[in-house]
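Chain naming here is simple, since letters A, B, ... match the order of the sequence lines and numbering starts at 1 in each.
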Amino acid sequence: MTMATAHERRPRGPKPRRLTAGRIGIYAFVAVSCLFFLMPLYVMVVTSFKTLDEIRMSQIFALPSHFSVEPWVTAWSSACTGASCDGLKVGFTNSVLITAPSVVLSILAGALLGYSLSLWRTKGSNVLFGLLLAGAFLPYQIFIYPLVRIYAYVSLYGTLFNIITVHVIFGLPVMTLLFRNYFSSVPIELFKAARVDGAGFWRIFTSIMLPLSTPMIIVAVILQVTGVWNDFLLGTVFAGQANWPMTVQLNNIVNTTEGTRAYNVDMAATILTAAVPLLVYFVSGRWFVRGIAAGAVKG
Amino acid sequence: MARRQKRSWGATLTIVPFWVLVLGAYVGTMVWTVLISLTSSKMLPNTQFVGLAQYTRLFATERWNIAVHNIAIFGVLMMILCLVIGFLLAAMVDSKIRAEDTVRTIILYPQAISFIVTGLVWQWMMNPTVGIEKAMHDFGWMGFSFDWLVTPDKAIYALVLAGVWQGSGLIMALMLAGLRGIDQEIWKAARVDGIPTWRVYVSIALPMMRPTIVTAVVLMSLSVIKAYDLVVALTSGGPGLSTDVPAKFIMDFFFNRSNIGLATAACTVMLIFVLVVFTPWFYFEYFREKNGSR
């Protein structure tokens, strides 16, 4: 809504006068801030193409004298991540295996619960929602240890199942909130008409509400893909060494190597880890902003 | 009545597993954590009740006090800087600049990446022997010094810098939405009265954006309390304990030092703090409107 009004008013205002001191000041500030935000990305990219010798000789802002893709190859396939030296590709596969089911399941669960809470209003649904939201505000540390004990008790600790279900549990509050608010805004007449026609709980969900909620599903996918992919804490605790996600492997490559640090490999590995969420960000554009706004403001 | 009963079946059957999940995974684990903190648990949880002894020990633990001190400095600096920078950026983007979308994309992209990535990049750039300090020396500015990361007194500022780099984009986005929500007539009226633009921002726009600022502060304080990934990637809490934070303290005592009792006591302190500080806000945000408008 605010975006629409912004566009409406734009042509009406007087064209800014050129080159007043204020405008120059604003553009100087724009330039400086853009440089500040872009600097780490630039340094990462430049460093990842240098040889180690060149890193020692030159400084971090210099362009590589000849581009070497070797750091990328090493980072992907042979860098040491603590126990093994198979590179980040292991972490990448793990992250995909963790992210894909976590995203699908948490969105399904959130949509279902949001639907139940907004349109069916069973007894105590406000209490359930309140508890869930409170859960979203508390640091994970408060829940982690008993969860470890529970998973260990049923011999599922440190498995793919473990980390996926944990992501679903901790993703539930925000997902539920998104869908609850969305379904609350659907005209109630639609719901009543379906009820009169004899559609039940599941039929209304699968045939009407789920197809209606495509925009919310897109926002939820963006939110969860970046959220789950970027997770570190839950991954270290619950995934188990064999399933460590990319973020954990990356931190191991960089922070636990002994001897000389291969900064070029480190930076290539860092870019590789950031690639998926960055891709989501640049492709989704405004949807991403909508996603973080919805997820952050209300979650 | 029969209709009512029929109505609730599918919904009831669906909601029951969610109740089990929430009561088990959220409420149950939370209560369990608090209960462990009242026992003498060390490596494994036991049931020997010791009252508040773990809390007495916790508050006497120097490392905990350092961690709390650090998070306070980090939190205050981070919030002030993010609010100021976020507001300036929003005002800038809002002042009809060219390439607005590109600028916004650049400011917001750090929001998409992991704290681990942020931490590692800044670790590399702030490394005095190979990073920005060396670059400045190579450019001929020999007196330049940027050694925050290796100086215990300054390491916390390194954490703030990286945090601001990642976090101010979101604050900008929130502030921008807030600015665009302000009635345009006010700007026109101010222009007619000949009030300078900066004055309108400070005296009119800023006070009108109070709800936005409150939201921003709540969001930031929640992420400050949870700060863990960034610390692990950037400094691992060092040098020494100079950037240790409560979240890291808890993780270390749970999983490396096997002192469950102390870790759960720290968790409980964190829990109480969050509840005391955020419950009023939480109540107003989510439940007040219901009584009024619905």
Part of [X] within contact of chain A (heavy atom distance under 4.5 Å):
X	value
B:Q166	neither
B:W122	side chain
B:Y26	both
B:I113	both
B:V117	both
B:I85	neither
B:T14	side chain
B:F255	side chain
B:V27	side chain
B:V34	neither
B:I260	side chain
B:S168	side chain
B:L23	side chain

Between [X] (side chain) and [Y] (backbone), is there a donor-acceptor pair under 3.5 Å?
X	Y	value
B:Y228	A:F232	no
A:Y27	B:R98	yes
A:N230	B:F115	no

Review point. Using non-hydrogen atoms and a limit below 4.5 Å, what part of residues 266-273 of chain B faces chain A?
Key: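 Near chain A, by residue number: B:C267, B:M270, B:L271.
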If you compare all heavy atoms of [X] against all heavy atoms of [Y], which two are closest, and at what distance to 0.1 Å?
X	Y	answer
B:M125	A:P40	CE-CG, 3.6 Å
A:Q141	B:I250	CG-CG2, 3.7 Å
B:P110	A:F37	CG-CD2, 4.0 Å
B:A112	A:P277	O-CB, 3.1 Å
A:G124	B:W19	O-CZ2, 3.2 Å
A:M267	B:L120	CE-O, 3.9 Å

**Study point:** Criterion side-chain contact (heavy atoms from CB on, under 4.5 Å) on B:W32 and A:Y145, from CA distance to verdict
**Key:** CA-CA 9 Å; B:W32 194 347; A:Y145 187 73; over 6 Å; no
Exercise for review: Apply the test side-chain contact (heavy atoms from CB on, under 4.5 Å) to residues B:Q123 and A:N255: give CA-CA distance (whole Å), side-chain angles for both, the deciding distance (0.1 Å), then the verdict.
Suggested key: CA-CA 10 Å; B:Q123 189 194 79; A:N255 278 336; 3.2 Å; yes
Exercise for review: Show your working on side-chain contact (heavy atoms from CB on, under 4.5 Å) between A:L117 and B:F18 and close with a plain yes or no.
Suggested key: CA-CA 11 Å; A:L117 291 176; B:F18 284 111; over 6 Å; no
**Study point:** Criterion side chain to side chain donor-acceptor pair (under 3.5 Å) against B:W124, the qualifying member of A:T270, A:D266, A:T47
**Key:**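 That would be A:T47.
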With rounding to the nearest 0.5 Å, note down the distance linking [atom1] in [X] to [atom2] in [Y].
X	Y	atom1	atom2	result
B:T29	A:L138	OG1	CG	9.5 Å
B:L21	A:L132	CG	CG	8.5 Å
A:L41	B:I106	CG	CD1	10.0 Å

Point to revise | Best-contacting candidate, B:T33, B:T129, B:I116, against chain A by heavy atom pairs under 4.5 angstrom | key: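 The candidate making the most pairs under 4.5 Å is B:I116.
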Report yes if some heavy atom in the side chain of [X] is under 4.5 Å from a heavy atom in the side chain of [Y]; otherwise report no.
X	Y	answer
B:M251	A:L233	yes
B:L89	A:V30	no
A:Y263	B:N127	yes

Exercise for review: Kindly assign one of parallel, tilted or perpendicular to the pair A:F61 and B:F139, based on the angle between their ring planes and the thresholds 30° and 60°.
Suggested key: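 Correct class here is parallel.
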Check your understanding: Non-hydrogen atoms of chain B under 4.5 Å away: do they reach the side chain of A:V237, the backbone, both or neither?
Key ->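 Side chain only.
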Exercise for review: Return the set of residues passing salt bridge (Lys or Arg N to Asp or Glu O under 4.0 Å) with B:D101 (not counting sequence neighbours), or none when no residue passes.
Suggested key: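 Per chain and number, B:D101 pairs via salt bridge (Lys or Arg N to Asp or Glu O under 4.0 Å) with A:R286, B:R104.
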